[in-house]
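Predicted model only: the values in this text are computed from it and were never measured. The chains referred to below are lettered A, B, ... by the order of the sequence lines, with proteins before strands, and numbering in each begins at 1.
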There are 2 protein chains.
Amino acid sequence: MKISVLGEGTRCRLCHDCTARGFAICAALDKTELRELAQLSRHVRFESGATVFAQANIATSFFSVHAGTLRLYKLLPDSRRQIVGFALPGDFLGLPGLPRHEFSADAIGRVTLCQFSKESFATFAENRPQLLRRMIELAGRELARAQEHMVLLGRRSAEEKIASFLIGWRDRLSGIGRGGEIMPLPMKRLDIADHLGLTIETVSRTFSKLERDGVIQTFASGVVLLDTPRAEALSAGIS
Amino acid sequence: MKISVLGEGTRCRLCHDCTARGFAICAALDKTELRELAQLSRHVRFESGATVFAQANIATSFFSVHAGTLRLYKLLPDSRRQIVGFALPGDFLGLPGLPRHEFSADAIGRVTLCQFSKESFATFAENRPQLLRRMIELAGRELARAQEHMVLLGRRSAEEKIASFLIGWRDRLSGIGRGGEIMPLPMKRLDIADHLGLTIETVSRTFSKLERDGVIQTFASGVVLLDTPRAEALSAGIS
DNA sequence: TGATCGGGTTGATCTCAATCAAGGACAACA
DNA sequence: TGTTGTCCTTGATTGAGATCAACCCGATCA
């Protein structure tokens, strides 16, 4: 496995001016606690395509995404794949109470994470209601996102799916201060297809259609929303 | 709204020999706390079809299901519907951190719930790590279920969807001690369709096919799994 | 310079589930 | 007893997206 642990010296510096701290689990902690938690963590890096953890394996760690994007997915025995989400900086991976990983996670491009042993994190959190409440909050937000995605998978057309995906991605990026004219899409067409319950061909055709209709413009570096109201209408299911 | 609040006298009796207590959040509480929490709750009853709360409304209460089944669903503006789940006794409804209801909930048959004001529940939970951890656990379990459902919606055939649904329903019922030869399905065909991303006709046809193939047998009162291994194989995606 | 490869696009055809349409079973009720 | 309404089933047809197939483009490399 392509995993490299960064040196001890890097640890605190990373935590100190961590760009993800505002939205990560750490937001619930004061300075002292932050330092204490940093002692329990190690920073790990994964190169593009590397698997951080695999579905059904015993989960021994929690992770907090520091930089990069991950795809989180479940596989069926015949290798059909459903990407249940993409993780961005600030996202917390792992759930107390479930002994095994519920999905696999791998890096899209280079990724760095804070890794905590489940036990030590649990001990640390045990009597810190503020941190526990923060975990509930993050879990709730994740659950809301999952439910919204069920609507997409169960009840939307291909065009609506792509539009929803783009609007949702834009919102997530701007939520972590990465908004901008041109929106990077680090994942491949196949990832998008497996996220939206489509095939790669349908994704490609739908991008082409949206471009032909003047809703978006695609570049190697990402996508620009030309007709945001139209995209938002499609995303909302008005049409 | 068809809502009736049960008398004060009923309150404690219900809590005392509550059939859902073992799997509800209350499982995290000791006797004293349980009594204290009971003070904050009121028991409410909804008749079949009544709406407990509606999507996008301000959430002022949390609920814990005491008896009955609810459908939890999201609507698109043009009235397409996705049922994101069914709630059973022990399920907790509502999430701290989100001001509005993320979905609507209504009763399938008669339902009774424990209702808590969000504020008083939050105050009660504030410094009870055990309760907070229990909430994380329940949220995590719910999230895992949501992700499994995404696989179903995005990557499974109609036949696999129905088989998965039946197996999942069986497991949930047995998880709350309601397992049995004949499995009641309180929801209508349309509910199943809107849960699985199908139409009512496809659900009906697929039930017929599974019955023709000797996998299930349907009765007015529910369904019997005749060929469980076959149903489980379909459910797992092996076929 | 050409060969190879991964990722993406586009066209032709097929298929599974949606849609359209009709009718059956059963309960509630006048 | 017939009427109405709800829920479910079944058949015929359609259509959105899957599948099959070909090709494009840029990067890498011999």
Would A:R189 and A:F207 count as a cation-pi pair here, with the cationic atom under 6.0 angstrom from the ring centre and within 45° of the axis? yes

Protein-nucleotide distance (B:I162, atom CD1; C:dA17, atom P), rounded to Å: 11 Å

Is the base of C:dT19 touched by the side chain of B:R205 through a donor-acceptor pair closer than 3.5 angstrom? yes

Carboxylate-amine/guanidinium proximity below 4.0 Å for A:R145 and A:E148: no

Between D:dT9 (P) and B:L198 (CG): distance, integer Å: 14 Å

Rounded to whole Å, the NZ-P distance (B:K209 to C:dC16) equals 11 Å

From C-beta outward on B:E201, which listed nucleotide comes closest to its side chain: D:dC20, C:dT9, C:dT19? C:dT19

Check ion pair A:D191-A:R81 (N to O, under 4.0 angstrom): yes

Between A:S208 and A:R155, which is nearer to the 5' end of DNA chain C once each is assigned its nearest nucleotide? A:S208

Quick one: B:L153 CG to D:dG17 C1', roughly how many Å, whole number? 17 Å

Nearest-angstrom distance from the residue atom CG of A:D194 to P of D:dA18: 11 Å

Check the distance between D:dT19's P and A:I200's CD1 and give it to me in whole angstrom. 13 Å

I'd like to know if B:E159 reaches the base of C:dC16 with its side chain, counting only an N/O donor and acceptor under 3.5 Å. no

Roughly, in whole Å, what's the span from CZ in A:R80 to P in C:dC16? 13 Å

Whole-Å gap separating P (C:dG7) and CZ (A:F207): 16 Å

Keeping A:S208 on the side-chain end and A:S204 on the backbone end, is there a donor-acceptor pair under 3.5 Å? yes

B:K188 with B:D194: basic N within carboxylate O range, under 4.0 Å: no

With respect to the phosphate group of C:dT9, does any side-chain polar atom (N or O) of A:S204 fall under 4.0 Å of OP1 or OP2? yes

When you measure from the side-chain N and O atoms of A:T199 to the phosphate of D:dA18, is any distance below 4.0 Å, counting only OP1 and OP2? yes

